[in-house]
Visitor: 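Below you will find the structure I want to go over with you.
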Amino acid sequence: IVSGNLEACVGTASIAHLSGCSPITVHSPISSSQNISASSYYAKNNIYLHDNKTIFFEDDLGTYVESDTTDRLRFVVGSNQMLLLDEDEDRVNIGFGNKLAVGLGNNTTPSASLHVSGTTAPIFLVEGPARSTVMIVSGAISASANLTASNLFVPSGNSIFFDAAKTYKITNNGTNLDINGDNIILQANTKVSASAPLTASGFYGSRAQLSSSNPDGKELLFGNGTSR
């Protein structure tokens with residue numbers, strides 16, 4: 001039984017069992033072939049782990065932090081990888097099947113794979129170079145409130161759909177803008193104008209008026225080329 005401090009400063013000290021109620025100070029490295037346990041650990045300087053070693057937090061060894069390869073750190077909880085930090089691959093991965101919450105309380109479960117919540121706008125911001133691909137969405141986007149943007153670009157061959165059957169749509173076909181629907185109603189407080197010809201299989205309305213600052217030469221053309 002040693003009372004007070006035990007100091008091993010020179011040479012090698014081999015101790016089968018070491019315990020005490022007072023501080024134990026060692027001025028050279030400590031190595032052990034068995035586990036080292038204590039009610040608390042205090043380190044004045046750095047703690048170093050060898051390559052591919054793990055820090056466990058539970059007796060079942062299912063919750064731990066490890067660096068399983070160079071420049072990579074894994075956080076595992078309940079034998080499920082929750083977070084992966086990989087500098088070589090420039091990635092931060094959330095574990096497969098897990099949900100990431102931003103701005104939620106500790107006792108709130110996210111309702112989506114990425115759940116962002118907040119009270120101060122903007123809550124979610126995506127920035128990038130103008131006219132470049134900033135965000136790619138392979139599925140549908142839905143919103144309970146308005147979606148606003150300074151510009152909305154629809155590439156050639158793509159459409160904006162207004163029904164689940166994809167019947168009512170506006171399509172950019174590369175040279176024309178096609179509008180499809182059972183009825184297309186253009187409403188304006190003053191007028192609807194076009195700088196190019198308007199063609200349709202039929203026109204319905206109370207009247208058609210041709211006017212300009214110089215009305216000469218304005219006419220309605222019919223299928224046989226005649227005008228009235």
Visitor: Show me the donor-acceptor pairs within less than 3.5 Å that the side chains of residues 113-127 make with the rest of the protein, sequence neighbours left out.
Guide:
residue: H115; atom: ND1; partner: S111; partner atom: N; Å: 3.1
residue: H115; atom: ND1; partner: S111; partner atom: OG; Å: 3.3

Visitor: Verify the cluster assignment for L100 and L73: are they in a single hydrophobic cluster under the rule of side-chain heavy atoms below 4.5 Å apart?
Guide: yes
Visitor: Please list, chain by chain and in numerical order, all residues satisfying ring pair (Phe, Tyr, Trp, His ring centres under 6.0 Å) with Y64, sequence neighbours excluded.
Guide: F56
Visitor: Under 4.5 Å between side-chain heavy atoms, chaining through other members, with only Ile, Leu, Val, Met, Phe, Trp and Tyr counted: pull out the rest of the cluster around I185, sorted by chain and number.
Guide: none
Visitor: Just list the side-chain donor-acceptor pairs under 3.5 Å for residues 170-182, sequence neighbours left out, or say none.
Guide:
residue: T171; atom: OG1; partner: S159; partner atom: OG; Å: 2.6
residue: N172; atom: OD1; partner: G174; partner atom: N; Å: 3.0
residue: N172; atom: ND2; partner: V154; partner atom: O; Å: 3.0
residue: N173; atom: OD1; partner: T175; partner atom: N; Å: 3.1
residue: N173; atom: OD1; partner: N176; partner atom: N; Å: 2.5
residue: N173; atom: ND2; partner: D178; partner atom: OD1; Å: 3.4
residue: N173; atom: ND2; partner: D178; partner atom: OD2; Å: 2.9
residue: D182; atom: OD2; partner: Y168; partner atom: OH; Å: 2.5

Visitor: If you define the side chain from C-beta out and look only at heavy atoms, does anything of L152 sit under 4.5 Å from L147?
Guide: no
Visitor: Sequence neighbours left out, what passes side chain to side chain donor-acceptor pair (under 3.5 Å) with N52? Give chain and number order.
Guide: none
Visitor: Who passes side-chain contact (heavy atoms from CB on, under 4.5 Å) against F153, sequence neighbours left out?
Guide: R131, N151
Visitor: Under the side-chain contact (heavy atoms from CB on, under 4.5 Å) rule, collect the residues that match up with T63, sequence neighbours excluded.
Guide: F57, E58, V77
Visitor: Which pairs of donor and acceptor atoms, one on a side chain in residues 83-99, lie under 3.5 Å apart (sequence neighbours left out)?
Guide:
residue: D86; atom: OD1; partner: D88; partner atom: N; Å: 3.2
residue: D86; atom: OD1; partner: E89; partner atom: N; Å: 3.2
residue: D86; atom: OD2; partner: R91; partner atom: NE; Å: 3.2
residue: D86; atom: OD2; partner: R91; partner atom: NH2; Å: 3.1
residue: N98; atom: OD1; partner: N80; partner atom: ND2; Å: 3.3
residue: N98; atom: ND2; partner: Q81; partner atom: O; Å: 3.4
residue: N98; atom: ND2; partner: G95; partner atom: O; Å: 3.3

Visitor: Restricting to side chain to side chain donor-acceptor pair (under 3.5 Å), what partner residues turn up for T167, sequence neighbours left out?
Guide: none
Visitor: In chain order, what residues pass the side-chain contact (heavy atoms from CB on, under 4.5 Å) check against I136, with sequence neighbours excluded?
Guide: T133
Visitor: Under the salt bridge (Lys or Arg N to Asp or Glu O under 4.0 Å) definition, can you give me all pairs with a residue in residues 154-176, not counting sequence neighbours?
Guide: none
